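Excluded from the calculations below are hydrogen atoms, water molecules and symmetry mates; all remaining heavy atoms, backbone and side chain alike, are included. Worth saying up front: this structure is predicted, and the values here are computed from it rather than measured.
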Amino acid sequence: MKILLSGTASDSHTWNLVYLRLFLQEQGHQVVGLGPCAPVELLLAGCLRHAPDAVVLSSVNGHGYRDGLAAVRRLRAEPALAGLPVVLGGKLGVAGHRQEADVARLTEAGCDAVLGEDLDALREFLAARTRKEVPA
């Protein structure tokens with residue numbers, strides 16, 4: 001599976017993206033990385049250029065809700081990307097705990113999964129998508 005990996009627009013943390021890239025590659029995925037602080041238009045252009053099977057967005061700084069919402073809304077507005085699976089992980093807000101209302105809004109806007117920091121959940125989500133791609 002080809003995965004486009006990116007930090008959210010305001011997230012300048014690189015180490016989490018290096019870790020996630022290695023994790024995803026160890027799972028057998030091909031990873032295209034956009035790096036930290038990727039603006040929404042760069043994310044859109046990357047998706048159109050690379051045609052990934054899924055997008056994984058990461059936030060460490062606590063603005064994942066705001067940035068993720070803008071990103072998923074923009075991707076869903078592009079007809080060619082309307083069905084592209086989008087996963088958001090990391091810190092959604094600066095409150096220090098998961099806000100279920102934020103998760104609900106992200107899901108309503110088009111995120112297929114909002115996973116926090118749970119790599120097992122990310123692995124399972126991607127594995128389920130990979131199984132759907134393989135014809136029976």
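At least one donor-acceptor pair under 3.5 Å links the side chain of N61 to the backbone N or O of S10. A donor-acceptor pair under 3.5 Å links the side-chain atoms of R21 to the main chain of V31, judged by distance alone. Panel note: side chain T8, backbone G68; no donor-acceptor pair is recorded below 3.5 Å.
A salt bridge links R74 with E41: the closest approach of a Lys/Arg side-chain nitrogen to an acidic carboxylate oxygen falls below 4.0 angstrom. Here R76 pairs with D112 in a salt bridge; the nearest charged N to carboxylate O distance falls below 4.0 Å.
Hydrophobic side-chain contacts under 4.5 Å tie V60 into a cluster, directly or through other members, with W15.
In this structure the side chain of L126 never reaches within 4.5 angstrom of the side chain of D53, judged on heavy atoms. Between V86 and L75 the shortest side-chain heavy-atom distance falls below 4.5 Å. V55 has its side chain out of reach of I3: every pair of non-hydrogen atoms, C-beta onward, lies at least 4.5 Å apart. The closest side-chain heavy-atom distance from Q27 to M1 is not below 4.5 Å.
Note on L81: it does not cluster hydrophobically with V40, by side-chain heavy-atom contacts below 4.5 Å among ILVMFWY residues.
G110 approaches V72 most closely through the heavy-atom pair C-CG2, 3.4 Å. Scanning all heavy atoms of the two residues, the minimum distance from K2 to A51 falls at CD-O, 4.1 Å.
R105 is linked by a salt bridge (Lys or Arg N to Asp or Glu O under 4.0 Å) to D102, counting only residues two or more places apart in sequence or in another chain.
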